[in-house]
Amino acid sequence: MSEQQVKKTPAVKQPRQDMPRQDPMVRKHNFSEVALGYTEEMALREASRCIECKKQPCSKGCPVNVDIPAFISLIKQKDYPGAINKIKETNSLPAVCGRVCPQEDQCEKYCTLGIKGESVAIGRLERFVADAAMAAGKTGKPALLPATGKKAAVVGSGPSGLAVAGDLIKKGHQVTIFEALHKAGGVLVYGIPEFRLPKQIVQTEVDYVAGLGAEVKCNFVVGLTMTVDELMTEAGFDAVYLGNGAGLPYFMNIPGENFNGVYSANEFLTRSNLMKAYSFPGNDTPIKVGKKVAVVGGGNVAMDSARTAIRLGAEEVYIVYRRSHAELPARKEEVENAEEEGVIFKLLNNPVAIIGDDKKWVKAIRCQRMELGEPDQSGRKKPVAVPGSEFDIEVNTVVIAIGQGANPLVASTTSALNTNKWGYIVTDERTGATSRPGVFAGGDIVTGAATVILAMGAGKIAARSIDRYLKDQPLLTAEEEAAAAVQDKK
Amino acid sequence: MARIKVKKTLAPGVRQFVVDAPLIARKAKAGQFVILRVCGEGERIPLTIADSDAATGELTIVFAEVGETTTKLGKLNAGEEILDLVGPLGKPTHLEKFGTVVCIAGGIGAAPVHPIVKALRKAGNEVITIMGSRNKDLMIFEEELRKVSSEVIITTDDGSSGRQGLVTEVLWELIEQGKKIDLVVAIGPVVMMQAVCHVTRDRCLPTVVSLNPIMVDGTGMCGACRVTVGGVTKFVCVDGPEFDGLKVDFDELKMRQRMYLAEEKRAFEEYKITCGGRC
Ligand SMILES: Cc1cc2nc3c(=O)[nH]c(=O)nc-3n(C[C@H](O)[C@H](O)[C@H](O)COP(=O)(O)OP(=O)(O)OC[C@H]3O[C@@H](n4cnc5c(N)ncnc54)[C@H](O)[C@@H]3O)c2cc1C
Ligand SMILES: Cc1cc2nc3c(=O)[nH]c(=O)nc-3n(C[C@H](O)[C@H](O)[C@H](O)COP(=O)(O)OP(=O)(O)OC[C@H]3O[C@@H](n4cnc5c(N)ncnc54)[C@H](O)[C@@H]3O)c2cc1C
Ligand code: FES
């Protein structure tokens with residue numbers, strides 16, 4: 001399209017710029033990133049589609065209310081550093097969120113252009129400016145407030161913990177992040193595969209927080225190496241943030257689940273991503289992927305597992321999911337990617353048993369056909385088993401990706417900390433405060449498995465509260481603080 | 001990073017390290033373990049804490065060089081660092097005054113049994129330790145166990161030390177002699193623990209075993225370490241490593257331990273050819 005056409009055609013009529021991606025036949029055999037990112041030309045063209053409407057419905061659809069029209073307007077002016085700073089006002093991890101946020105359910109869902117046509121590709125633009133800033137090496141070091149002499153401990157180095165740490169350091173507090181694994185980044189390093197989120201990007205974000213002055217202590221399991229109580233009484237931390245995620249894999253409790261060849265998605269992905277088993281024996285950790293693989297579940301974790309299995313050389317990979325295509329909880333984009341890469345969807349099927357051979361190795365997964373019945377509490381149609389419909393799918397590997405729950409290690413070793421019946425930590429969501437003074441929490445350990453942006457957002461809210469707590473101020477939300485300031489002026 | 005202060009060879013292919021790990025040593029209790037990584041491409045492997053001293057910050061581990069990682073580890077010398085070391089992991093041994101406890105150590109299991117015997121004695125128990133190994137040269141921790149046990153009985157397969165035979169035979173005899181035994185603790189190869197439980201099951205003797213499945217994170221996040229105990233799936237790294245031996249599905253554990261046999265062999269062979277020397 002020529003420059004002239006761009007100017008003449010009204011924004012709504014211009015097509016949304018496609019994301020250049022690796023060819024499915026090529027990417028099936030490598031772990032490099034699938035989506036290649038916009039060129040500057042594409043970004044400018046896409047940005048020009050934004051009509052900067054007054055109501056900013058997109059920003060309201062963003063869990064952390066990024067001023068989207070403002071950053072897109074800065075792209076139009078080719079002020080990329082300005083654009084990234086605008087995003088960073090409320091989102092500490094744009095290079096990550098630009099890649100993995102479910103924009104189709106958030107900002108882009110509310111875009112005015114989306115009513116009649118295609119919404120602006122906000123996520124892709126976010127990624128473009130974040131990548132441009134990283135490439136220019138200008139992640140920008142913000143001014144830090146003078147040292148307060150207060151110490152905060154952050155448990156877990158996932159998106160939530162990183163957000164808290166970054167914000168508290170800027171406020172002049174001393175921050176130590178405690179991470180159980182040998183590498184920082186949480187699910188971003190051990191769960192989400194390289195082909196969707198390059199680990200170099202996560203490392204850059206960790207380095208950024210460390211560069212601001214946060215100490216990152218890996219190989220430290222809070223609850224065992226030291227408890228929260230000890231961190232506060234013996235190690236002299238004035239406040240603690242719990243961002244330890246939802247690290248407890250669910251199994252189905254069906255016969256045969258402990259056969260060799262059956263993995264939780266957490267184990268399968270950790271072996272591949274964190275331990276880099278895809279380059280075994282160059283890396284020492286092995287992974288077993290047979291010719292035929294069944295992945296049970298329909299979320300992002302299931303898609304990531306299926307696509308990892310394909311890349312590890314599996315010839316046939318099935319997604320076994322008990323509802324229909326419409327209910328697949330994974331991002332649409334990821335379902336499409338999986339389909340293009342040859343993943344076979346066995347929908348409306350529910351596993352009832354895993355069948356093993358005489359050496360206790362998986363040889364098949366027994367499924368039952370399902371039909372959709374009346375909507376359940378979640379509003380989705382409830383799958384109902386069809387009697388007598390059992391059948392076996394021959395497979396050598398099974399990956400269970402049906403979700404994860406609260407790992408009790410931290411909560412069970414912390415005194416006076418309230419959890420709900422599922423083991424998640426109870427907080428005041430407006431402040432992140434838990435039942436125990438000085439202890440705050442957020443991210444998946446509070447909400448259950450959710451999203452990067454929600455975990456990051458919860459971290460930012462808690463950081464405000466921790467800052468106020470450390471200054472002996474009452475905990476107020478941003479709105480309450482603004483209202484109080486108006487009152488003060490009067 | 002944890003610096004190795006002392007390196008000793010206890011038997012052919014069996015090494016002992018005393019490492020500087022004050023945070024772990026401060027908290028370590030009998031029955032717990034650590035997970036370590038030797039190098040950047042390295043695997044995470046669990047090793048039991050054989051001794052710890054909160055005052056000096058020293059932690060003792062004992063390991064057999066059985067594959068790539070343990071061989072790489074054995075190549076490190078005093079003064080060098082273990083890249084990653086995390087712990088103490090798992091639940092400590094349940095301690096109380098039981099009365100008479102028979103602790104059975106098979107092979108390298110003598111090292112992890114040591115802190116348990118020590119703690120059981122401290123809790124006021126009489127502890128009879130039965131140690132078994134293939135031969136005299138492979139017998140480790142004899143002196144240490146003699147120091148802390150009420151009595152030590154030694155068996156070897158070839159009779160080169162103590163009496164010839166298996167640890168289970170000694171256990172049988174103790175029972176036959178009418179010795180009142182309140183608890184049996186068995187640590188060693190899975191086949192040995194299984195054989196011990198075979199003996200104790202008939203007599204309804206409470207038996208504790210320490211399980212060693214393949215692990216990855218060691219914090220309950222992945223489920224690699226799952227075993228079936230009393231028909232229920234347990235994660236050894238957080239629910240164990242010690243369990244009621246009479247309820248453990250040992251056959252499943254044995255199969256699961258062999259899941260990567262081919263890969264482990266291949267990695268070890270390639271390591272010996274390409275690297276041979278240092279990691
Ligand atoms: C495979 C997969 C794919 C996903 N895809 C997407 C996606 O496309 N888009 C999206 O928005 N979200 C996605 N998610 C969800 C998203 O990654 C999580 O919601 C988010 O990472 C939660 O962040 P967190 O900081 O709360 O916890 P986590 O990222 O889980 O980080 C918690 C950290 O705490 C550490 N920890 C735990 N216990 C302790 C302890 N006792 N002591 C010290 N450290 C401890 C853990 O090792 C971990 O590093 C995905 C999740 C998975 C598993
Ligand atoms: C709780 C626990 C405590 C242990 N304590 C000791 C100890 O004190 N001293 C000692 O010598 N050994 C101990 N082990 C066993 C030790 O972890 C293995 O010998 C070691 O992992 C072998 O690694 P490798 O690469 O040298 O050998 P490989 O060739 O990789 O494996 C040899 C065998 O070790 C087991 N193994 C392999 N990888 C792992 C892994 N990641 N986690 C667990 N087991 C694995 C497998 O059954 C395998 O067949 C313990 C294991 C557990 C689970
Ligand atoms: S080793 Fe991962 S859960 Fe036990």
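Letters A, B, ... mirror the listed sequences (proteins, then strands); counts begin at 1.
- Taking a 6.0 Å sphere around NZ of Lys151(A), one finds it holds more than 12 heavy atoms contributed by other residues, nucleotides or ligands.
- Within a 6.0 Å radius of NZ in Lys217(A), other residues, nucleotides and ligands contribute 12 heavy atoms or fewer.
- Minimum heavy-atom separation, Gly42(B) to Thr285(A): O-OG1, 4.3 Å.
- When Leu409(A), Ile400(A), Thr225(A) are compared by the number of non-hydrogen pairs under 4.5 Å with chain B, Thr225(A) comes out ahead.
- In terms of heavy-atom proximity, Pro249(A) sits nearest to Gly220(B) at CD-O, 3.5 Å.
- We find that Lys27(B) and Glu230(A) are joined by a salt bridge, their nearest charged nitrogen and carboxylate oxygen being less than 4.0 Å apart.
- The residue among Glu68(B), Glu43(B), Gln32(B) with the most heavy atom pairs within less than 4.5 Å of chain A is Glu43(B).
- For chain A, the nearby part of Arg266(B) is the side chain; its heavy atoms alone come within less than 4.5 Å.
- Comment: Lys288(A) engages Glu263(B) in a salt bridge, judged by a side-chain N to carboxylate O separation of less than 4.0 angstrom.
- Salt bridge status for Asp284(A) with Lys72(B): present, with a side-chain N to carboxylate O gap under 4.0 Å.
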What verdict does the side-chain contact (heavy atoms from CB on, under 4.5 Å) test give for Lys276(A) and Glu41(B), after you've listed the backbone C-alpha separation in whole Å, the side-chain angles of each residue and the deciding distance to 0.1 Å?
CA-CA 8 Å; Lys276(A) 309 233 172 293; Glu41(B) 304 79 42; over 6 Å; no
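- Residues Thr228(B) and Asn258(A) form a side-chain contact, since some pair of their non-hydrogen atoms from C-beta on lies under 4.5 Å apart.
- Contact check on Glu234(A) versus Arg26(B) returns a salt bridge, with a Lys/Arg side-chain nitrogen under 4.0 Å from an Asp/Glu carboxylate oxygen.
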Determine, step by step, whether Leu181(A) and Arg44(B) satisfy the side-chain contact (heavy atoms from CB on, under 4.5 Å) criterion, reporting the C-alpha distance in whole Å, the side-chain angles of both residues, the deciding distance to 0.1 Å, and the verdict.
CA-CA 10 Å; Leu181(A) 294 170; Arg44(B) 295 170 65 93; 4.1 Å; yes
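- Taking 4.5 Å as the heavy-atom cut-off, the residues of residues 229-245 of chain B that approach chain A are Thr233(B), Phe235(B), Val238(B), ordered by number.
- Proximity to chain A (any heavy atom under 4.5 Å) is shown, for Glu252(B), by both the backbone and the side chain.
- Contact of Ile35(B) with chain A is not made at all, since no heavy-atom distance falls under 4.5 Å.
- Each of Thr69(B), Asp217(B), Leu85(B) has some count of heavy-atom pairs under 4.5 Å with chain A, and the biggest count is that of Leu85(B).
- Residue Leu36(B): no heavy atom, backbone or side chain, is found under 4.5 Å from chain A.
- In this structure, CZ on Phe220(A) lies 5.5 Å from CG on Leu23(B), to the nearest 0.5 angstrom.
- Neither the backbone nor the side chain of Lys183(A) has a heavy atom closer than 4.5 Å to any heavy atom of chain B.
- The number of heavy-atom neighbours closer than 6.0 Å to NZ of Lys29(B), taken from other residues, nucleotides and ligands shown, is 12 or below.
- Contact annotation for residues 260-275 of chain A against chain B (heavy-atom separation below 4.5 Å, listed by residue number): Asn260(A), Gly261(A), Val262(A), Tyr263(A), Ser264(A), Asn266(A), Glu267(A), Thr270(A), Arg271(A), Met275(A).
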Step by step, work out the side-chain contact (heavy atoms from CB on, under 4.5 Å) result for Arg256(B) and Phe259(A).
CA-CA 7 Å; Arg256(B) 288 187 62 81; Phe259(A) 283 142; over 6 Å; no
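- Among Asn407(A), Ile287(A), Leu248(A), the residue with the largest count of heavy-atom pairs under 4.5 Å with chain B is Asn407(A).
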